[in-house]
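For reference, the structure discussed in these notes is given below.
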Amino acid sequence: MTGRLTVIGLGPGAEELQTPQAKAALEAATDLFGYTTYLDRVPLRPDQTRHGSDNREELDRARAALTLAYTGNNIAIVSSGDSGVFAMAAAVFEAIETGEPAWREIEVTVVPGISAMFAAAARLGAPLGHDFCAISLSDNLKPWETVTRRLKAAAEADFVIALYNPISKARRWQLGAAFDLLREVHGPETPVVFATAVSRADEEIEFTTLADADPSRADMRTLVMIGSSATRLVARPDGGAWVYTPRRADQPTGEFVS
Ligand code: SAH
């Protein structure tokens, strides 16, 4: 008997930002897997079983879910935001690729969610209106040299950068090092935004510039957005501002270092 595994993005936090498809898939599941903090956001019925695990055990969690799915159960694995962005969907496919050949028979569905960068962008205005990239600052799963190479390339190519996983208890210095590196390429007035816990009760949005960006403003729930040379602020009468990146890119205005 071969069951079903649905990989579900729960969105950034607010229930209204969860898609109807995600809600339906959660309701249909017999078993729910995920990082316990994310599973806490899912109402559980008495007939559903919850398999919570630690944040770092993604591959083990994927294998456990696939093992149970193969017995015929209807399994859901949850991630925050979109499950394909620095999250469980890739772990599931890696587990399938390297695991039991029979797991390839399981019906796997990936349900998209609103990723933190889109939720944050919507709060700010339209910072992702032109070319952008997403980089995870975590060096748990890749060498720090890879992170710096990509950051530098992204800045030199003048992408808007959405930085995920900017900081954690074990990674204190990386965000400061990233800002230093970006300052070598971008001007001091480049907009930087710290968007923390977007769409949750404790949401906080802070605008600053690359010159003044203070890494201690970020925590594990922060998406850091760094503008391109075209990203600008539109001041509002209440002292706030919208941030947007125009649709049209003219000749490069940034300083390009080859
Ligand atoms: N799959 C998730 C990302 C997981 S990585 C997604 O698509 O959003 C975890 C990182 O996502 C955090 O360190 C933070 O940078 C970002 N993040 C997740 N939820 C967030 C939220 N509500 N507000 C701001 N950033 C968030």
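Along the sequence shown, residues carry numbers from 1. Ligands are counted one by one from 1 in listed order, and the atoms in each one are counted from 1 as well.
Between the S83 side chain and the S79 main chain, no donor and acceptor come within less than 3.5 Å of each other. Between the side chain of Y164 and the backbone N or O of M117, at least one donor-acceptor pair lies under 3.5 Å. For D139 (side chain) and V147 (main-chain N/O), no donor-acceptor pair under 3.5 Å exists by modelled atom type.
Between F118 and F132, the ring planes lie perpendicular to each other; the angle is over 60°, past the 30° to 60° tilted range.
A salt bridge does not link D202 with R200: every distance from a Lys NZ or Arg NE/NH1/NH2 to an Asp or Glu carboxylate oxygen is 4.0 Å or more.
Every protein residue with a heavy atom nearer than 4.0 Å to ligand 1 is included here: P12, S80, G81, D82, V85, F86, A87, S115, A116, Y164, N165, P166, A195, A197, V198, R200, M220, R221, T222, L223.
Other cluster members for Y244: V234, W242, joined by side-chain heavy-atom distances under 4.5 Å among Ile, Leu, Val, Met, Phe, Trp and Tyr.
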